[in-house]
Amino acid sequence: MDEGFFTRVYEAVRQVPSGRVTSYGAVAAAVGAPGASRMVGWAMNKSFSQPGFVPAHRVVNRSGMLTGKHAFPNADTMQELLKSEGIEVEEDVVVNFKEVFWDDFNLINS
DNA sequence: GCCCTGACGGGAT
DNA sequence: TATCCCGCCAGGG
């Protein structure tokens, strides 16, 4: 549809349930743009200006590192949000990343 | 209208 | 197995 590329990314990210995290690449692939993982992060940054809530804190890189924490009001906000959902975070990295990882996306029709 | 950057990822060395 | 480099798309200067 004409929904912007970002809008699709937001929909995909909203599919991530609480207590789970996903990677930029997984989201990119979910929106039909595998490889455009960078664009996903860009969309997340802009998501703060979006009306709908987007759990951007549930999106980390493939290493499970909170690379986007600096985009939050406070550098610890992202980590606190994750821990608040039951996700263990240490040194800005998701501890049980492999266990909380979630990629069962509902492929978005373009 | 061109060039560079940017919350990443995967392939090649 | 670890590290480096290039490619993805879009927005801003």
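Residue numbering restarts at 1 for every chain, and letters A, B, ... go by the order of the sequence lines. Only heavy atoms go into these numbers, but all of them, side chains included; no hydrogens, no water, no symmetry mates.
Atom pair A:M44:CE and C:dC9:P shows a separation of 18 Å (rounding to whole Å applied). Whole-Å rounding puts the A:R38 CZ to C:dG7 P distance at 11 Å. A:Y24 has its OH atom 19 Å from the C1' atom of C:dG7, to the nearest Å. Rounded to whole Å, atom C1' of C:dG7 lies 13 Å from atom CE of A:M39. Atoms NE2 (A:H70) and P (B:dC8) sit 7 Å apart, rounded to a whole Å. The CZ-P distance, from A:F5 to C:dC9, rounds to 8 Å in whole Å. Rounded to an integer number of Å, the gap from A:R8 CZ to C:dA10 C1' is 14 Å. Look at CZ on A:F97: it is 12 Å from C1' on B:dG9, rounded to the nearest Å.
Between the OH atom of A:Y10 and the CZ atom of A:F5 there is a distance of 11.0 Å, given to the nearest 0.5 Å.
As judged by a 4.0 angstrom heavy-atom cut-off over every strand, A:A33 is placed among residues making no nucleic acid contact. Looking at heavy-atom distances under 4.0 Å, A:N61 makes contact with sugar-phosphate atoms alone, never a base.
Sparse packing is recorded around CD of A:E88, with 12 or fewer heavy atoms of other residues, nucleotides or ligands lying under 6.0 Å away.
Note on A:E85 versus A:R58: salt bridge recorded, some NZ/NE/NH1/NH2 to OD/OE distance being below 4.0 Å.
Looking at which nucleotide of DNA chain C each of A:P34 and A:W42 is closest to, the 5′-most match is held by A:P34.
With B:dG9, B:dA7, C:dC8 as the choices, the nucleotide that has an atom nearest any side-chain atom of A:A36 turns out to be C:dC8.
For A:R62, a side-chain nitrogen or oxygen approaches OP1 or OP2 of B:dG10 to under 4.0 Å.
Here the side chains of A:Y24 and A:T67 are in contact, with some heavy-atom distance below 4.5 Å.
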